[in-house]
Amino acid sequence: MDKKQALSVLIKHTFLFSEEVKVKLLGKINTLSDGDIDKLGKFLALEKKQSIEENNKIISELDTLLQKLEN
């Protein structure tokens with residue numbers, strides 16, 4: 001997968017942009033400079049990483065709560 005394809009996936013899955021903005025960004029990927037692709041890609045990858053980490057924390061807390069409720 002090249003950088004443009006990876007950026008496309010990150011744009012499609014981000015929570016930061018509306019669907020309208022996502023469509024516009026996806027339409028402009030081929031016109032972005034390598035530097036812009038890198039910057040946006042790093043930013044969206046960080047968002048995804050933080051979302052996963054936060055999700056794992058929430059799941060852990062819910063598991064703890066469920067265990068307490070079962071006792």
Side-chain angles (χ1 to χ4, degrees):
M1 179 181 306
D2 67 17
K3 288 183 179 184
K4 289 180 182 180
Q5 291 171 323
L7 180 58
S8 176
V9 170
L10 290 170
I11 290 170
K12 289 175 184 176
H13 292 109
T14 185
F15 298 110
L16 299 175
F17 302 131
S18 66
E19 290 302 315
E20 182 179 329
V21 172
K22 289 179 186 182
V23 169
K24 287 180 183 178
L25 283 171
L26 290 169
K28 292 184 177 190
I29 284 180
N30 288 325
T31 64
L32 295 175
S33 70
D34 286 344
D36 289 338
I37 290 171
D38 287 342
K39 287 178 189 176
L40 185 54
K42 287 177 184 178
F43 179 75
L44 293 176
L46 178 61
E47 178 227 1
K48 184 168 184 75
K49 179 183 176 200
Q50 289 173 339
S51 294
I52 290 169
E53 290 170 356
E54 186 65 22
N55 189 43
N56 289 339
K57 179 182 171 188
I58 290 169
I59 290 170
S60 176
E61 290 175 5
L62 286 173
D63 284 343
T64 301
L65 178 61
L66 287 173
Q67 287 175 359
K68 287 180 181 178
L69 292 173
E70 288 177 355
N71 294 330

### Contact list for residues 53-70, test side-chain hydrogen bond (donor to acceptor under 3.5 Å, both in side chains), sequence neighbours left out
none

### Message
Ser8: which residues meet the side chain to side chain donor-acceptor pair (under 3.5 Å) condition with it, sequence neighbours left out?
### Response
none

### Message
Apply the hydrophobic cluster definition, ILVMFWY joined by side-chain contacts under 4.5 Å directly or through others, and give me every member besides Leu25.
### Response
Leu7, Leu10, Ile11, Leu16, Phe17, Val21, Leu26, Ile29, Leu32, Ile37, Leu40, Phe43, Leu44

### Query
Which residues pass the salt bridge (charged side-chain N to carboxylate O under 4.0 Å, His left out) test with Lys3, sequence neighbours left out?
Asp38

### Summary
Sorted by chain and number, sequence neighbours left out, side chain to side chain donor-acceptor pair (under 3.5 Å) with Lys39 holds for none

#### Entry: Listed partners of Leu62 passing side-chain contact (heavy atoms from CB on, under 4.5 Å), at least two apart
Ile58

### Query
Does CG belonging to Asp2 count more than 12 external heavy atoms closer than 6.0 Å?
yes

### Task
Apply side chain to side chain donor-acceptor pair (under 3.5 Å) to Ser33 and list each qualifying residue two or more places apart in sequence or on a separate chain.
Asp36

### Task
Mark yes or no for whether Glu47, through its side chain, and Thr14, through its backbone, hold a donor-acceptor pair below 3.5 Å.
no

### Query
Do any pairs count as a salt bridge (Lys or Arg N to Asp or Glu O under 4.0 Å) and have a residue in residues 5-23, sequence neighbours left out, and if so which ones?
Glu19-Lys22, Glu20-Lys24

